[in-house]
Participant: 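Here you go, one structure.
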Amino acid sequence: MLICHYKMQYDFKKIELKWQKHWDESKLYSQYDYTKPKFYALDMFPYPSGAGLHVGHPLGYIASDIVSRYKRLKGFNVLHPIGFDAFGLPAEQYAIQTGQHPEITTENNINNYKKQLKRIGFSFDWERELRTTEPKYYKWTQWIFSLLFDAWYNPKNNKAENIKTLLEKFATEGFEGKLWEHYTEQEKGRILQNFRLAYQKETYVNWCEELGTVLANDEVKDGLSERGGHPVIQKKMKQWFLRITPYADRLLDDLNKINWSNSIKEIQKNWIGKSVGAEIYFNIQEFDNYRLTVFSTRPDTIYGVSFIVLSPEHDLAKKITQQPYKESVNAYIKSAQTKNERQRQQVKEVSGVFTGSHALHPLNGNALPIYLSEYVLNSYGTGAIMAVPAHDERDHAFAKKFNIKIIQVIESDENINTQEKPISTKKGHLINSENFDGLDVQIGSEKILTKLVNEAKAKRKINYKLRDTGFSRQRYWGEPFPIIHENSLPKLVKDLPVKLPQVSNFTPTGDGQSPLSSNKKWVHTEKGLRETDTMPGYAGSSWYFLRFMDPKNEKNFAGKKAIRYWQEVDLYIGGAEHATGHLLYARFWTKFLFDLQYIPFDEPFKKLINQGMIQGESKLLNAGNRLLHIPLEYTNNLGQLTADNFIKLQKADKRFENILWENLQPKNNIVELKNQTEKMSKSKFNVVNPDDICEQYGADTLRLYEMFLGPIQDSKPWNTQGIEGVHRFLNKLWNLVFNEQTVLIQDVEPAKDSLKTLHKTIKKITNDIENFSFNTAISAFMIALNELSQQQCRSKNIIEPFIILLAPFAPHISEEIWHKLGNTESIHKSKWPTFDTSYLVENSKKYPISINGKVRTTLEFALELDQKEIENLVFQNKIVKKWLEGKKVRKFIFVPNKIINIVLG
RNA sequence: GCCCUGGUGGUGGAAUUGGUAGACACGCAGGACUUAAAAUCCUGUGGCCUCACGGCCGUGCGGGUUCAAGUCCCGCCUGGGGCACCA
């Protein structure tokens with residue numbers, strides 16, 4: 001007879017698919033109980049690209065899923081939604097490349113993402129799924145735009161208000177000394193554009209020829225587009241802007257009330273770039289009718305001013321130039337104009353030109369030559385500076401080149417000759433500053449400024465680097481503006497949504513017009529011409545976290561009740577690369593909606609975690625002058641390139657066509673490859689697909705491994721070999737519960753040491769989740785399981801709570817074991833165990849005994865012993881005696897529960 | 001140049017308030033089971049010296065504080081990120 005030894009194996013695939021289907025069908029994660037306290041855990045919603053997910057993407061989702069599941073078990077009503085940010089450049093570029101309509105490629109990409117995400121077993125409420133590209137969603141994006149258009153920032157109340165209050169003000173006070181009713185409709189429209197929070201203005205913008213669109217400042221890195229790395233130039237165009245600048249101070253100050261990483265806060269601080277100083281006025285010797293205004297943060301250095309510099313674009317540049325200097329000044333202005341900002345920055349040598357005119361020093365009346373130079377930016381401050389060469393590096397270089405006086409006004413500890421090198425410190429005291437001599441710099445600065453302000457020669461002023469943000473794109477794939485231009489004045493369209501129309505060709509036109517303009521029927525309306533630009537990618541993502549609270553609401557962007565219940569996001573997880581884009585705009589829109597009293601909170605994300613990058617291991621071939629990425633499938637198991645594979649590679653990849661095998665210096669027909677750890681990307685052939693991992697090891701293993709790799713915030717390399725460890729852990733757990741045929745777990749009284757293991761693990765895991773220390777939690781699970789195995793623990797009272805602890809991390813295997821132990825409800829609806837300190841109490845402690853700071857042995861003492869008794873016991877110890885031989889004991893240090901240290905003379 | 005972060009075995013990484021550095025894994029080496037392999041289990045694994053007992057050195061480098069420093073202070077070196085003629 002054939003005996004069939006049926007082994008109950010850990011069949012992860014079967015288990016995982018079964019429970020995923022079950023959870024889906026029972027809508028387990030779409031159930032809410034509003035009597036419980038709320039917890040809102042959100043991931044930065046994904047941008048569905050054509051490449052699909054790699055193992056780096058789910059890292060943050062796994063973390064937020066663990067927290068969400070944990071919070072549910074702790075009795076919270078958890079909102080954990082997901083959606084897709086699908087408008088914008090990448091989707092459109094992909095569509096253009098593949099020649100398909102972006103609507104189709106987006107739909108395909110989203111479906112692929114959903115399939116991948118679902119396989120990992122996240123507890124997302126898919127009922128609340130949203131897409132920024134759906135008209136029923138972007139209707140409300142357009143609605144918020146309408147609010148911005150119809151709002152102004154009232155500096156008196158320090159908040160945004162409906163434009164009505166501005167009109168009331170103008171009606172009673174007039175505008176610029178003229179009654180409001182005396183302005184024409186056109187004039188009124190133009191004036192209001194200077195106040196609206198969404199407005200059009202003609203100005204220099206970041207134009208990317210290759211992408212055929214303008215870009216926001218945060219979408220440009222080092223003069224190149226963030227997407228694709230194409231050159232970006234400054235072009236004068238009429239564009240939509242959002243007036244974020246009045247919010248600068250609040251965006252800065254409120255960083256103090258949110259729990260974000262230091263580095264992100266710093267990045268936003270720098271981006272906002274607040275500097276406190278003054279505008280100081282300089283009369284001009286040669287012109288009575290003009291006055292110069294400079295911005296300075298260092299009024300203390302005013303007696304050190306020896307010249308004035310204007311930017312080449314400064315309004316007065318040409319007006320104040322004296323006849324003999326006109327030619328050289330014009331030439332200089334012209335040459336500056338031909339360069340874009342990037343080219344200007346690259347030129348490090350000092351350049352400039354004298355105007356022939358002089359400014360008068362406001363305090364001592366000295367005549368100061370006025371120059372033009374590129375190092376002064378027209379877009380910052382007033383586009384003019386007072387130059388203090390003794391205390392500013394750039395001014396110093398300029399003075400040297402043009403042979404201008406260098407006047408030292410600060411004396412510090414640094415022994416520097418200011419004729420050679422500037423002193424940039426703010427510590428020291430003033431000299432050469434008339435009756436301010438001898439004062440400390442800080443105090444002197446304030447006194448000088450007070451004097452200037454009192455004499456109406458200066459005004460206190462705060463400047464920001466933050467600029468109003470460009471809000472229009474000349475592209476097809478974005479939200480249309482709800483705007484029709486009537487008599488060349490923009491007017492809101494009331495009937496929303498304004499649906500994105502069909503066009504015959506959605507590729508960029510390249511002439512600064514959006515592809516929408518080709519649909520003449522759509523553009524021409526009875527009232528006037530429609531706005532044909534579209535909104536940028538960040539429009540939809542600036543408020544989506546609000547929509548998730550009430551995603552199906554047709555009357556409002558979200559219902560009042562839902563907003564009041566869910567409030568701000570408690571935990572937000574996503575990449576740090578959005579520091580100056582999405583994260584700033586979302587804060588801005590939140591504050592705006594708060595001002596208009598649509599929401600009762602003014603920060604969107606209470607706690608933010610930036611997950612690190614998971615890097616891939618690339619293989620690089622040194623082909624003479626360049627390094628080429630080699631797809632992994634062409635390397636052998638030692639990571640080398642063989643001659644056979646090289647031939648195949650040459651057929652498959654054009655990059656290798658003209659490379660000769662001999663030139664690669666093969667040894668025994670093998671070429672060594674260089675290893676490199678870098679960002680995962682398709683083009684680097686180092687991408688690991690989570691689908692493959694789920695197939696081979698299962699979703700639970702993938703989840704555990706991603707968490708086990710290291711701290712969530714850190715970047716770390718992926719190494720598929722290491723996954724065996726966590727996979728073995730799950731197998732061990734399985735084998736603890738099941739043997740060949742049956743469940744081994746019984747309802748028996750647990751052993752004392754098992755209780756201790758359990759309770760210290762409850763404590764540790766709870767702590768670790770609260771601190772987002774998931775990697776140490778996994779190792780605690782491993783330690784616990786090793787101990788329980790050692791103890792041969794089979795007690796249900798131990799195993800059940802243990803797998804509840806594990807459920808947030810490995811939801812499938814926990815659910816399976818839970819049911820096999822006889823439970824019928826889902827484990828994810830059970831209760832988080834609490835730990836009982838009484839099981840952790842020890843009655844003795846093992847003390848390290850160190851002599852002169854070096855640990856020599858350990859001794860165990862009962863806790864009730866006092867220091868004297870312990871001291872006696874320590875000195876009786878053989879090893880201790882050996883070390884004490886011939887030495888004198890200086891000191892005996894006993895730190896209860898920590899250590900014992902003997903200091904010898 | 002300025003700001004923010006890191007630097008710990010062959011690798012990923014542990015280490016409450018300063019209190020046994022290297023937990024937990026991977027990898028590697030040896031062993032058990034097996035005809036053999038896979039799987040599993042056990043043992044070892046920072047470096048150097050020693051048959052061993054044991055000792056010396058060791059958290060980027062150099063100083064310091066302390067009974068005691070990966071942890072605190074001062075000065076450097078270096079990886080990553082951000083800002084950058086911003087007055």
Side-chain angles (χ1 to χ4, degrees), chain A residues 221-222 261-271 273-275 277 280 294-298 301 309 311 341 344-348 350 373-377 379-388 391-395 397-398 424 463-466 576-577 579-580 610 612-613 677 704-705 708-711 713-729 731-732 735 767 771 773 775-786 789 846-858 879 882 890-904:
Chain A
K221 294 268 141 78
D222 297 326
S261 76
N262 239 337
S263 63
I264 293 276
K265 286 186 181 185
E266 280 303 318
I267 291 169
Q268 292 212 345
K269 260 183 214 166
N270 287 340
W271 188 259
K274 179 177 184 172
S275 48
I280 302 173
V294 306
F295 176 73
S296 173
T297 54
R298 302 288 307 274
T301 62
V309 188
S311 74
E341 211 160 286
R344 279 203 204 180
Q345 284 170 16
Q346 278 168 345
V347 182
K348 290 289 174 202
V350 182
S373 177
E374 283 183 343
Y375 86 87
V376 174
L377 303 177
S379 53
Y380 184 77
T382 61
I385 62 153
M386 55 180 223
V388 186
H391 305 289
D392 181 283
E393 214 152 302
R394 294 150 305 172
D395 297 347
F398 195 89
S424 38
N463 260 322
Y464 301 92
K465 281 195 256 179
L466 183 73
E577 66 273 20
T580 53
N610 302 112
M613 219 182 348
T677 304
L704 288 183
Y705 187 53
F708 187 60
L709 275 175
Q713 297 94 338
D714 291 3
S715 283
K716 55 239 153 188
W718 177 272
N719 170 11
T720 300
Q721 218 171 22
I723 204 169
E724 294 287 348
V726 289
H727 193 61
R728 269 178 211 145
F729 163 77
N731 263 308
K732 270 188 227 166
N735 292 329
N767 246 314
N771 293 316
S773 179
N775 56 328
T776 53
I778 309 290
S779 93
F781 279 125
M782 291 172 168
I783 293 167
L785 182 64
N786 287 343
S789 303
K846 228 182 207 167
Y847 280 96
I849 313 297
S850 64
I851 292 159
N852 278 340
K854 284 188 180 164
V855 176
R856 296 300 175 186
T857 187
T858 56
I879 296 168
K882 195 189 93 187
R890 270 258 195 87
K891 215 170 173 185
F892 182 87
I893 294 157
F894 171 69
V895 186
N897 249 310
K898 292 265 163 135
I899 203 167
I900 290 164
N901 193 14
I902 303 167
V903 187
L904 299 179

Participant: Considering only side-chain heavy atoms of A:Ile899, which listed nucleotide, B:rA87, B:rC24, B:rG19, is closest?
Facilitator: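 Among B:rA87, B:rC24, B:rG19, the one nearest the side chain of A:Ile899 is B:rG19.
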
Participant: For A:Gly853 and A:Asn901, which heavy atoms make the closest approach, and how far apart are they?
Facilitator: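 Nearest pair, atom of A:Gly853 first, then A:Asn901: N-OD1, 3.2 Å.
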
Participant: With rounding to the closest Å, how many angstrom separate the P atoms on B:rA69 and B:rU20?
Facilitator: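 Those two atoms are separated by 11 Å.
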
Participant: With a 3.5 Å limit on both atom pairs, tell me what B:rC85 is paired to, counting Watson-Crick and G-U wobble, or say none.
Facilitator: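 With both distances under 3.5 Å required, B:rC85 matches none.
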
Participant: When you compare B:rG12 with B:rG27, how far apart are their P atoms, in angstrom units rounded to a whole number?
Facilitator: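 Rounded to whole Å, the distance is 15 Å.
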
Participant: Only counting residues at least two apart or in another chain, list the ones meeting ring-ring contact (aromatic ring centres under 6.0 Å, His included) with A:Trp271.
Facilitator: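 Partners of A:Trp271 under the ring-ring contact (aromatic ring centres under 6.0 Å, His included) test: none.
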
Participant: Grab the CG-P distance between A:Asn610 and B:rG81 for me, whole Å please.
Facilitator: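 Spelled out: CG on A:Asn610 to P on B:rG81 is 15 Å.
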
Participant: Counting only Watson-Crick or G-U wobble pairs whose two distances fall under 3.5 Å, which nucleotide matches B:rU71?
Facilitator: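 Because no pair has both required distances under 3.5 Å, B:rU71 counts as unpaired.
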
Participant: Once each nucleotide of nucleotides 1-11 of chain B is scored for protein heavy atoms under 4.0 Å, what B/S/- sequence comes out, 5' to 3'?
Facilitator: --SSS------

Participant: Output the rounded distance in Å from CG (A:Asp714) to C1' (B:rG81).
Facilitator: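 Nearest whole value for this atom pair: 13 Å.
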
Participant: Looking only at the side chain of A:Ser779 (C-beta and beyond, no hydrogens), which of the listed nucleotides B:rA87, B:rA23, B:rC83 gets closest?
Facilitator: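 From the listed options, B:rA23 comes nearest.
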
Participant: If the C1' atom of B:rG55 is compared with that of B:rC41, how far apart are they to the nearest Å?
Facilitator: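 Each nucleotide's C1' atom is 35 Å from the other's.
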
Participant: From the set B:rC83, B:rG54, B:rC24, return the single nucleotide nearest to any side-chain atom of A:Lys882.
Facilitator: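 Selected nucleotide: B:rG54.
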
Participant: Return the polar atom pairs (N/O with N/O) between nucleotides 57-60 of chain B and the protein under 3.5 Å, or none.
Facilitator:
{"unit_1": "B:rC57", "atom_1": "OP2", "unit_2": "A:Lys854", "atom_2": "NZ", "d": "2.9"}

Participant: Students often get this wrong, so: under 4.0 angstrom with heavy atoms, is A:Ser261 touching a base, only sugar-phosphate, or nothing?
Facilitator: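 It contacts nothing in the nucleic acid.
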
Participant: On the nucleotide B:rA87, are OP1 or OP2 found under 4.0 Å from the side-chain N or O atoms that A:Tyr380 carries?
Facilitator: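 Answer is yes, contact under 4.0 Å.
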
Participant: Whole Å only: how far is the CZ atom of A:Arg298 from the P atom of B:rA87?
Facilitator: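 It works out to 11 Å between those atoms.
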
Participant: What is the ring orientation for A:Tyr705 with A:Trp718, classed by angle as parallel under 30°, tilted 30 to 60°, or perpendicular over 60°?
Facilitator: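 A:Tyr705 vs A:Trp718 ring planes: perpendicular.
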
Participant: Partner lookup for B:rG44, please. Criteria are Watson-Crick or G-U wobble with both distances under 3.5 angstrom; report none if nothing qualifies.
Facilitator: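 Result: B:rC28.
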
Participant: What is the pairing partner of B:rC33, taking Watson-Crick or G-U wobble pairs with both distances under 3.5 Å in any strand?
Facilitator: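 Check on B:rC33: unpaired, no WC or wobble geometry under 3.5 Å.
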
Participant: Roughly how far apart, to the nearest Å, are B:rC57 and B:rG63 at atom P?
Facilitator: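 About 15 Å, rounded to a whole number of Å.
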
Participant: For B:rU5 and B:rG10, measure between their C1' atoms and round to the nearest Å.
Facilitator: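 Pairwise C1' distance, B:rU5 against B:rG10, rounds to 26 Å.
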
Participant: For A:Pro711, enumerate each residue passing the side-chain contact (heavy atoms from CB on, under 4.5 Å) test, keeping only those at least two apart in sequence or located in another chain.
Facilitator: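 Partners of A:Pro711 by the side-chain contact (heavy atoms from CB on, under 4.5 Å) criterion, ordered by chain and then number, come out as A:Gln713, A:Asp714, A:Asn775.
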
Participant: Do you know which two heavy atoms are closest between A:Leu377 and A:Ser311, and how far apart they sit?
Facilitator: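 Nearest heavy atoms, A:Leu377 then A:Ser311: C-CB, 4.0 Å.
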
Participant: Which is more 5' along RNA chain B, the nucleotide nearest A:Ile879 or the one nearest A:Val855? Just name the residue.
Facilitator: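 First, find each residue's nearest nucleotide; the 5'-ward one identifies A:Val855.
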
Participant: Can you sort out the partners of A:Phe781 under ring-ring contact (aromatic ring centres under 6.0 Å, His included), two or more places apart, ordered by chain and number?
Facilitator: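 Scan of A:Phe781 (ring-ring contact (aromatic ring centres under 6.0 Å, His included), adjacent residues dropped) gives A:Phe802, A:Phe809.
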
Participant: Counting any heavy atom closer than 4.0 Å, what does A:Lys274 reach on the DNA or RNA strands: base, sugar-phosphate only, or nothing?
Facilitator: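 Nothing, no nucleic acid heavy atom in range.
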
Participant: Take atom P in B:rC73 and the same atom in B:rG6, then report the distance between them in whole Å.
Facilitator: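 My reading of the P atoms in B:rC73 and B:rG6 gives 13 Å.
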
Participant: A:Ser263: which residues meet the side-chain contact (heavy atoms from CB on, under 4.5 Å) condition with it, sequence neighbours left out?
Facilitator: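 Applying side-chain contact (heavy atoms from CB on, under 4.5 Å) to A:Ser263 gives A:Ser261.
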
Participant: What's the shortest heavy-atom distance between A:Pro848 and A:Thr858, and which atoms?
Facilitator: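 Scanning both residues completely, I find the closest heavy atoms to be CA-CG2, 3.9 Å.
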
Participant: With both distances kept under 3.5 Å, what pairs with B:rG6, Watson-Crick or G-U wobble?
Facilitator: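 In the structure as shown, B:rG6 has B:rU78 as its Watson-Crick or wobble partner.
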
Participant: Remember a base hit wins even if backbone is also touched, and classify A:Asn786 as base, sugar-phosphate or nothing at under 4.0 Å, heavy atoms.
Facilitator: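 Contact class for A:Asn786: sugar-phosphate only.
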
Participant: Which nucleotide sits closest to the side chain of A:Trp271: B:rC83, B:rC86, B:rG12?
Facilitator: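 Nucleotide nearest to A:Trp271's side chain: B:rC83.
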
Participant: If you only use heavy atoms from C-beta on, which nucleotide in B:rC41, B:rC67, B:rC56 is closest to the side chain of A:Arg856?
Facilitator: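 Between B:rC41, B:rC67, B:rC56, the one nearest the side chain of A:Arg856 would be B:rC56.
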
Participant: For A:Lys882, give me all partners under salt bridge (charged side-chain N to carboxylate O under 4.0 Å, His left out), at least two apart in sequence or on another chain.
Facilitator: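 A:Lys882 satisfies salt bridge (charged side-chain N to carboxylate O under 4.0 Å, His left out) with no residue once adjacent residues are dropped.
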
Participant: Taking atom P in both B:rG9 and B:rC61, compute the distance separating them and give it to the nearest angstrom.
Facilitator: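 Rounded to whole Å, the distance is 10 Å.
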
Participant: Of the nucleotides B:rG27, B:rA25, B:rC67, which one has an atom closest to the side chain of A:Gln721?
Facilitator: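 The answer is B:rG27, which lies nearest to the side chain.
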
Participant: Rounding to an integer number of Å, can you tell me how far A:Glu724 CD sits from B:rG27 P?
Facilitator: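 Going from A:Glu724 (CD) to B:rG27 (P), I get 7 Å.
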
Participant: Which protein N or O atoms sit under 3.5 Å from an N or O of nucleotides 44-50 of chain B?
Facilitator:
none

Participant: Should B:rG9 be called syn or anti, with syn set as within 90° of 0?
Facilitator: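 Syn, since the glycosidic angle lies within 90° of 0.
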
Participant: Assess the residue pair A:Ser779 and A:Thr776 against the criterion (side chain to side chain donor-acceptor pair (under 3.5 Å)); give the C-alpha distance rounded to whole Å, side-chain angles, the decisive distance to 0.1 Å, and a yes or no.
Facilitator: CA-CA 5 Å; A:Ser779 93; A:Thr776 53; over 6 Å; no

Participant: Using a 4.0 Å heavy-atom cut-off across all strands, classify A:Ile893 as base, sugar-phosphate, or nothing.
Facilitator: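 It contacts base atoms.
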
Participant: Whether A:Arg890 contacts B:rA68 is assessed here as follows: a side-chain N or O lying under 4.0 Å from the phosphate OP1 or OP2. Is that the case?
Facilitator: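 No, outside the criterion.
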
Participant: Going by the rule salt bridge (charged side-chain N to carboxylate O under 4.0 Å, His left out), which residues pair with A:Lys269 if we only count those two or more places apart in sequence or in a different chain?
Facilitator: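 With neighbours one apart ignored, the set is A:Glu266.
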
Participant: Could you pull out the closest heavy-atom pair between A:Arg890 and A:Leu904, with the gap in Å?
Facilitator: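 In terms of heavy atoms, the two residues are closest at CG-C, 4.1 Å.
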
Participant: Using a distance-only test with no angle check, is there a side-chain donor-acceptor pair under 3.5 angstrom linking A:Asn463 and A:Ser275?
Facilitator: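 Judged by distance alone, the side chains do not pair up.
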
Participant: If we call it a pair only when both distances are under 3.5 Å in a Watson-Crick or G-U wobble match, what pairs with B:rA21?
Facilitator: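 Answer to the pairing question: none, since B:rA21 forms no Watson-Crick or G-U pair.
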
Participant: Mind checking A:Lys465 for me? I need base, sugar-phosphate or nothing, with any heavy atom below 4.0 Å counting as a touch.
Facilitator: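 Base contact.
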
Participant: Between C1' on B:rC24 and CD1 on A:Ile778, what's the gap in Å once rounded to a whole number?
Facilitator: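 That distance rounds to 11 Å.
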
Participant: Quick one: list whatever passes side-chain contact (heavy atoms from CB on, under 4.5 Å) with A:Glu577, sequence neighbours left out.
Facilitator: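 Not a single residue meets the side-chain contact (heavy atoms from CB on, under 4.5 Å) criterion with A:Glu577.
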
Participant: Expressed in angstrom and rounded to an integer, what is the separation of A:Phe729 atom CZ from B:rC26 atom P?
Facilitator: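 Going from CZ in A:Phe729 over to P in B:rC26 covers 13 Å.
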
Participant: Could you please name the partner base of B:rU16, counting Watson-Crick and G-U wobble pairs only when both distances are under 3.5 Å?
Facilitator: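 The base-pairing partner of B:rU16, which may sit in any strand shown, does not exist here.
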
Participant: So what does A:Asp392 touch, heavy atoms closer than 4.0 Å: a base, only the sugar-phosphate, or nothing?
Facilitator: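 Touches nothing.
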
Participant: Taking atom P in both B:rA36 and B:rA23, compute the distance separating them and give it to the nearest angstrom.
Facilitator: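 To the nearest whole Å, 34 Å.
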
Participant: I'd like to check the ring-ring contact (aromatic ring centres under 6.0 Å, His included) partners of A:Tyr375; sequence neighbours left out, ordered by chain and number.
Facilitator: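 A:Phe398.
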
Participant: For A:Lys732, what residues pass the side-chain contact (heavy atoms from CB on, under 4.5 Å) criterion, not counting sequence neighbours?
Facilitator: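 With neighbours one apart ignored, the set is A:Leu785, A:Asn786.
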
Participant: Just to be sure I understand the rule, does A:Arg728 reach a base, reach only the sugar-phosphate, or reach nothing, if contact means heavy atoms closer than 4.0 Å?
Facilitator: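 Result for A:Arg728 = sugar-phosphate.
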
